[in-house]
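Note that these values count all heavy atoms, side chains included, but never hydrogens, waters or copies made by symmetry. Please read all numbers here as calculations on a predicted model, not as lab measurements.
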Amino acid sequence: MARGRTSDDEDKAARAGLAAALRVGGGILQAGGAALDAVEAAVRVLEDDPAFNAGRGAVFTTAGTHELDAAIMDGATRCAGAVAGVTRTRNPVSLARAVMRGSKHVMLVGSGADDFARQQGVEQVDPSYFSTEQRRAQLERMHGRFDSGVKFGTVGAVARDITGRLAAATSTGGLTGKRPGRVGDTPVIGAGTYADDRACAVSATGSGEYYLRVGVAHEICARVRLLGETVQAAADAVQAETHALGGDGGVIVVAPDGTPAWSFTTPGMYRGLLRDCNAPVVAIYGDE
Ligand code: ASP
C-alpha cells in the first residue's frame, strides 16, 4: 500500500469501499444504534467488496482455496465470538456474531463453524464466490513462497456509540499462500480483535504470526487501563514492540470518550474515520 505500488483503480476502489463502510456504520451510530451493530454492518460492507481481503476478494491458500477468519467483541460485556477457517459463509463477521449470541462458545473453526452457520441460517455461498482474478494472480506470483510480510486488506471496525459502549470487529482471508489450516491473529480475541469499555476497542491488521505473539489488541487495552496511557500512545508503543520482533501492520483504536487513534508500521493502511458530525476521513498512504 505504498504510493506507486497501488494502481489508480485500486486506490479509487478502496476509498469508495471505506467511504461506504463509514456511511453504513456511521448511519447506525447517528441513529442511536449500538456500537456492536455498527461494527458488524461496516465490516459486512467491506466483506462484500472485492477490493478487500475479506469475504469476496479473500486471498488464496497454497491449495487454491479460501479459509476465512473473523471476530467480534462487545466492550460493555466482554462477550465475544469468533470463527476461523470457514469456507462457505458469505459474511464471516455475522457468523462470529452468531457464535457470540447463539452458542455457549467463543470460537468455532472449520466445518463445525460452517455447520453452525447453516443451523443459524447465516447465508451460505459456493466457495467460488470468494475468488477474484486479482487474488489468483497474487497467489501465482508468490507460489511456494509464503511471506508473512505481504498483506492485502484485512478489514476491521471499531466504534463507540451514543451510550459510550465500545465494540470491535475484524475479518480476513488471512495471508496469501498460507498453509491450509493456518489461523492468524484476526479471529483470536486479544490478538487481532479486542474491546473493553474500561480501556478501548482495537482491530488489527498485519503479519498475524507476530500480532499473535504480542497479543496486540489486548496489550493496547491493558496499557490504557493499567498504565493510563492515551490510546495513541498505547497503540504506538505496541506497534513498535511488534515491529521490533519483525512484524508489521496497523491498528485502529477508539477510547471510551470517543478519541480515535490509528498506528501502522507499513507504508500505508486503508483507514477511515467518522466522528460526530464531521466530514468522513478516508486515507491509504502514510503521508495522508
Ligand atoms: N492479520 C491477518 C492475518 O495474519 C492478515 C492481514 O491483516 O492482512 O491473517
When every non-hydrogen atom of P187 is compared with those of G184, the smallest separation belongs to CD-O, 3.5 Å

Is any NZ, NE, NH1 or NH2 atom of the basic residue among D9 and K12 found under 4.0 Å from an Asp or Glu carboxylate oxygen of the other?
-> no

Tested for side chain to side chain contact (heavy atoms under 4.5 Å, CB included) against V216, the lone hit among T242, T193, D185 is T242

Taken in chain and number order and not counting sequence neighbours, the residues that satisfy ring-ring contact (aromatic ring centres under 6.0 Å, His included) with H243 are none

Here the pair of heavy atoms bringing R78 nearest to A195 is CG-O, 3.6 Å

Return all side-chain donor-acceptor pairs below 3.5 angstrom for residues 250-262, not counting sequence neighbours, or 'none' if the list is empty.
from : atom 1 : to   : atom 2 : distance (Å)
D257 : OD1    : T259 : N      : 2.8
D257 : OD1    : T259 : OG1    : 2.7
D257 : OD2    : T259 : OG1    : 3.1

In short, G174 meets K178 closest at the heavy-atom pair CA-NZ, 3.9 Å

For a quick check under 3.5 Å, do Q124 and T89 share a side-chain donor-acceptor pair by atom type?
yes

Can you give each donor-acceptor pair under 3.5 Å made by side-chain atoms of residues 30-47, sequence neighbours left out, with the distance rounded to 0.1 Å?
from : atom 1 : to   : atom 2 : distance (Å)
Q30  : NE2    : D276 : O      : 3.4
D37  : OD1    : R97  : NH1    : 2.8
D37  : OD1    : R97  : NH2    : 3.1
E40  : OE1    : R97  : NH1    : 2.8
E40  : OE2    : S94  : OG     : 2.6
R44  : NH1    : S94  : OG     : 2.7
R44  : NH2    : N91  : OD1    : 3.4
E47  : OE1    : N91  : ND2    : 3.0
E47  : OE2    : V93  : N      : 3.0
E47  : OE2    : S171 : OG     : 2.6

Practice prompt. Identify whether V188 and L68 are in the same connected component of the hydrophobic contact network (ILVMFWY, side-chain heavy atoms under 4.5 Å).
Written response: no

Contacts of E229 meeting salt bridge (Lys or Arg N to Asp or Glu O under 4.0 Å) (sequence neighbours excluded), chain-then-number -> R223

* Asked: If we only count heavy atoms from C-beta on, is the V86 to L95 side-chain gap below 4.5 Å?
  -> yes

Any chain of hydrophobic side-chain contacts (each under 4.5 Å) joining V224 to V214?
yes

Rounding to 0.5 Å, atoms OG1 (T6) and CG (D11) come to a distance of 7.0 Å

Across all chains, not counting sequence neighbours, the side chain to side chain donor-acceptor pair (under 3.5 Å) partners of R198 are D196

Under the criterion side chain to side chain contact (heavy atoms under 4.5 Å, CB included), I'd like the reasoning laid out for V99 against V83: C-alpha separation, chi angles, the key distance, then a yes or no. CA-CA 8 Å; V99 170; V83 292; 3.8 Å; yes

- prompt: Should I189 and I220 be regarded as members of a common hydrophobic cluster, given that ILVMFWY residues are connected when their side-chain heavy atoms come within less than 4.5 Å of each other, either directly or indirectly?
  reply: no

- R15 and E288: CA distance, side-chain angles, deciding distance, salt bridge (charged side-chain N to carboxylate O under 4.0 Å, His left out) verdict: CA-CA 13 Å; R15 287 178 200 271; E288 287 183 80; 2.9 Å; yes

In terms of heavy-atom contacts, Q239 and S263 come closest through CG-OG, 3.4 Å

Just do the side-chain hydrogen bond (donor to acceptor under 3.5 Å, both in side chains) check on T61 and H66 with the steps written out, would you?
CA-CA 6 Å; T61 68; H66 304 282; over 6 Å; no

Check: If you measure from the Lys or Arg side-chain nitrogens to the Asp or Glu carboxylate oxygens, is any gap between R182 and E67 under 4.0 Å?
Finding: no

Item to check | Chi angles and distances behind the side-chain hydrogen bond (donor to acceptor under 3.5 Å, both in side chains) call for T77, D74 | outcome: CA-CA 6 Å; T77 58; D74 176 15; 2.8 Å; yes

Residues pairing under ring-ring contact (aromatic ring centres under 6.0 Å, His included) where one sits in residues 158-192, two or more places apart or in two chains, turn out to be none

Exactly one candidate in T154, V109, V183 meets side chain to side chain contact (heavy atoms under 4.5 Å, CB included) with D69; the answer is V183

Mind checking whether F60 and F130 sit in one hydrophobic cluster, side chains of I, L, V, M, F, W, Y counted as touching below 4.5 Å? no

For a side-chain hydrogen bond (donor to acceptor under 3.5 Å, both in side chains) check, start with the C-alpha distance between D236 and Q232, then their side-chain angles and the critical distance, and finish with the verdict. CA-CA 6 Å; D236 290 345; Q232 189 69 60; 3.1 Å; yes

Would V125 and R56 satisfy side chain to side chain contact (heavy atoms under 4.5 Å, CB included), going step by step from the backbone distance to the final call?
CA-CA 10 Å; V125 289; R56 186 160 144 69; over 6 Å; no

Is R90 salt-bridged to D48, cutoff N-O under 4.0 Å?
yes

Original post:
Are Y211 and Y194 grouped together when hydrophobic residues (ILVMFWY) are joined by side-chain heavy atoms under 4.5 angstrom apart?
Top reply: no

Hey, can you tell me if Y270 and F52 have their rings parallel, tilted or perpendicular (30° and 60° cut-offs)? perpendicular

**Request:** Decide side chain to side chain contact (heavy atoms under 4.5 Å, CB included) for R165 and D197; before the verdict, give the C-alpha distance in whole Å, the side-chain angles of both, and the deciding distance to 0.1 Å.
**Result:** CA-CA 6 Å; R165 287 172 302 183; D197 281 7; 3.9 Å; yes

Tightest non-hydrogen contact, residues I72 and A96, listed as CG2-C, 3.9 Å

All heavy atoms of A201 vs all of A167, minimum pair found to be CB-O, 3.5 Å

Other residues, nucleotides, ligands: >12 heavy atoms within 6.0 Å of I162 CD1: no

